[in-house]
Amino acid sequence: MDRNFAEFAALLGLPDFQPGWVWLVGAGPGDPGLITALGLHAIAHADFILYDALVDETLLKAARPGAGMIFAGKRAGVRSCKQEDISSLLADLAREGHRVLRLKGGDPFVFGRGGEEAQNLARDAVPFRIVPGITAGIGGLAYAGIPLTHRDTNASVTFLTGHGADGQLPPHDWEALAKGAPTLVLYMARKQAGAIADALIAAGRERHETAAIVGNATRADQQVIVTTLDNLAAAAEQSPATSIIVIGANVRLRHELDWLTRTAITLDPS
Ligand code: SAH
């Protein structure tokens, strides 16, 4: 296996990253290996990379020498760049004729304001391309050994955010969710875990239903807590700031499918 990435790019027919374009790229949930071929190709050709806090910085090593790196995330809870500033910077750099890469955690169109950034580019008539990524709610569950769907447990999945535009828990229809959503996957919900569990139990969900919190999913320090709905708040307090919550019977399959920890155990010489 001695093909280089440029040969792979040619083999796959990856499109050129043209000057004056913005590519909004999903970096995946953490493990740098989970970026797509198109995403890596974009990193290798970008003139400027604006990246978020959730992006693993190892990926930036694939950039060409001299590419401009702009951190556009939050550090210690403080946003270093306002959303409007990011949008105008993307448009300005593209108009100057640069290849501009906006690198976001997970998938750019899943709870990450990628839609808003793309709208601004569209309104400014800046050409752009969306490169999807593996979202935390999918990749994180895979690394936790929890199938998102399984014929024995759930035939649908619902993705929710715990954090609306005003920073509060959005007014989800808990009655409808309790009844019609066998598996719920919640982003940005760690601080609201107790309120979410209470709302679901009040709307009829079993208080001993299984749930899990996957913190720093797909990273070296991934942490999974399996719990029940009525203990979700306490479990959330033990979880890292970047955590995804899953509620549903599919969580129970982890005891059979936790490939990651199991591999670590097998490899342990003691
Ligand atoms: N666009 C991103 C989501 C951004 S919202 C995506 O598609 O994954 C940020 C939230 O995503 C975090 O609060 C957390 O709930 C979730 N998240 C992102 N990366 C994660 C990771 N590695 N582990 C656990 N949760 C993660």
Side-chain angles (χ1 to χ4, degrees), residues 23-36 38-39 50-59 72-79 81 83 86 101-119 130-146 148 157-170 172 183-197 211-227 232-233 235-247 251 254 260-261:
W23 283 25
L24 260 99
V25 175
D31 180 347
L34 293 178
I35 193 158
T36 62
L38 203 48
L50 280 84
Y51 63 100
D52 276 351
L54 286 174
V55 169
D56 187 301
E57 294 194 13
T58 313
L59 283 170
K74 272 189 208 163
R75 286 239 160 97
V78 180
R79 195 157 253 292
C81 249
Q83 195 64 45
I86 296 170
L101 169 52
R102 176 71 174 114
L103 192 58
K104 298 175 77 78
D107 181 277
F109 273 6
V110 178
F111 300 132
R113 303 205 190 167
E116 292 163 46
E117 290 175 20
Q119 275 177 313
I130 307 297
V131 179
I134 297 180
T135 189
I138 294 182
L141 263 60
Y143 272 45
I146 301 170
L148 201 57
V157 182
T158 306
F159 293 104
L160 305 166
T161 176
H163 195 273
D166 59 359
Q168 305 297 311
L169 184 61
H172 296 299
T183 290
L184 300 110
V185 176
L186 297 121
Y187 291 69
M188 294 179 275
R190 198 176 63 91
K191 291 196 177 136
Q192 307 283 1
I196 290 164
I213 308 188
V214 189
N216 295 333
T218 80
R219 300 186 189 150
D221 56 351
Q222 169 171 299
Q223 177 193 317
V224 183
I225 305 177
V226 175
T227 183
L232 194 61
E237 275 177 30
Q238 309 295 313
S239 303
T242 306
S243 288
I244 199 100
I245 296 177
V246 49
I247 299 166
V251 172
R254 171 175 153 83
L260 192 64
T261 320

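In each ligand, atom 1 is the first atom listed, and ligand 1 is the first ligand listed. One-based numbering along the sequence shown.
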Does a side-chain heavy-atom distance below 4.5 Å link [X] with [Y]?
{"X": "T36", "Y": "P132", "answer": "no"}
{"X": "V246", "Y": "T183", "answer": "yes"}
{"X": "F111", "Y": "H163", "answer": "no"}
{"X": "L232", "Y": "I247", "answer": "yes"}
{"X": "Q238", "Y": "I213", "answer": "no"}

Please state which option from G133, P108, A217, G140 has its nearest heavy atom closest to atom 21 (C) of ligand 1.
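Among G133, P108, A217, G140, the closest heavy atom to atom 21 (C) of ligand 1 comes from A217.
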Which atoms of ligand 1 sit under 4.0 Å from any heavy atom of [X]?
{"X": "P29", "value": "19 (N), 21 (C), 22 (N)"}
{"X": "D107", "value": "1 (N), 6 (C), 7 (O)"}
{"X": "L54", "value": "9 (C), 18 (C)"}
{"X": "V214", "value": "24 (C)"}
{"X": "I244", "value": "24 (C), 25 (N)"}

Does any N or O of ligand 1 fall below 3.5 Å from an N or O anywhere on [X], backbone included?
{"X": "M188", "value": "yes"}
{"X": "T135", "value": "yes"}
{"X": "G105", "value": "yes"}
{"X": "A136", "value": "yes"}
{"X": "S243", "value": "yes"}
{"X": "V110", "value": "yes"}

Of the protein's non-hydrogen atoms, which lies at the shortest distance from [atom], and what is that distance?
{"atom": "atom 11 (O) of ligand 1", "value": "Y187 CD2, 3.4 Å"}
{"atom": "atom 4 (C) of ligand 1", "value": "F111 O, 3.2 Å"}
{"atom": "atom 20 (C) of ligand 1", "value": "T242 CG2, 3.4 Å"}

Please identify which of these residues, L186, L148, V110, meets the side chain to side chain contact (heavy atoms under 4.5 Å, CB included) condition with F159.
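Only one of L186, L148, V110 forms a side chain to side chain contact (heavy atoms under 4.5 Å, CB included) with F159, namely L148.
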I86, L101, L103, V55 screened by side chain to side chain contact (heavy atoms under 4.5 Å, CB included) with L50, the one that passes:
I86
Say whether, by atom type as modelled, one donor and one acceptor occur between the side chain of R254 and the main chain of I146 under 3.5 angstrom.
no
With no hydrogens and no angle check, is any side-chain donor or acceptor of N216 less than 3.5 Å from a backbone partner on Q222?
no
4.0 Å heavy-atom contact, G30 with ligand 1
no
Would N216 count as a contact of ligand 1 if the rule is a heavy atom under 4.0 Å away?
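For ligand 1, residue contact (heavy atoms, under 4.0 Å) with N216 is present.
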Starting at CG of D52, measure out to NZ of K104 and round the result to the nearest 0.5 Å.
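That separation rounds to 4.5 Å.
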Do E117 and Q83 meet the criterion of a side-chain donor-acceptor pair at a distance under 3.5 Å?
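Per modelled atom types, E117 and Q83 side chains form a pair under 3.5 Å.
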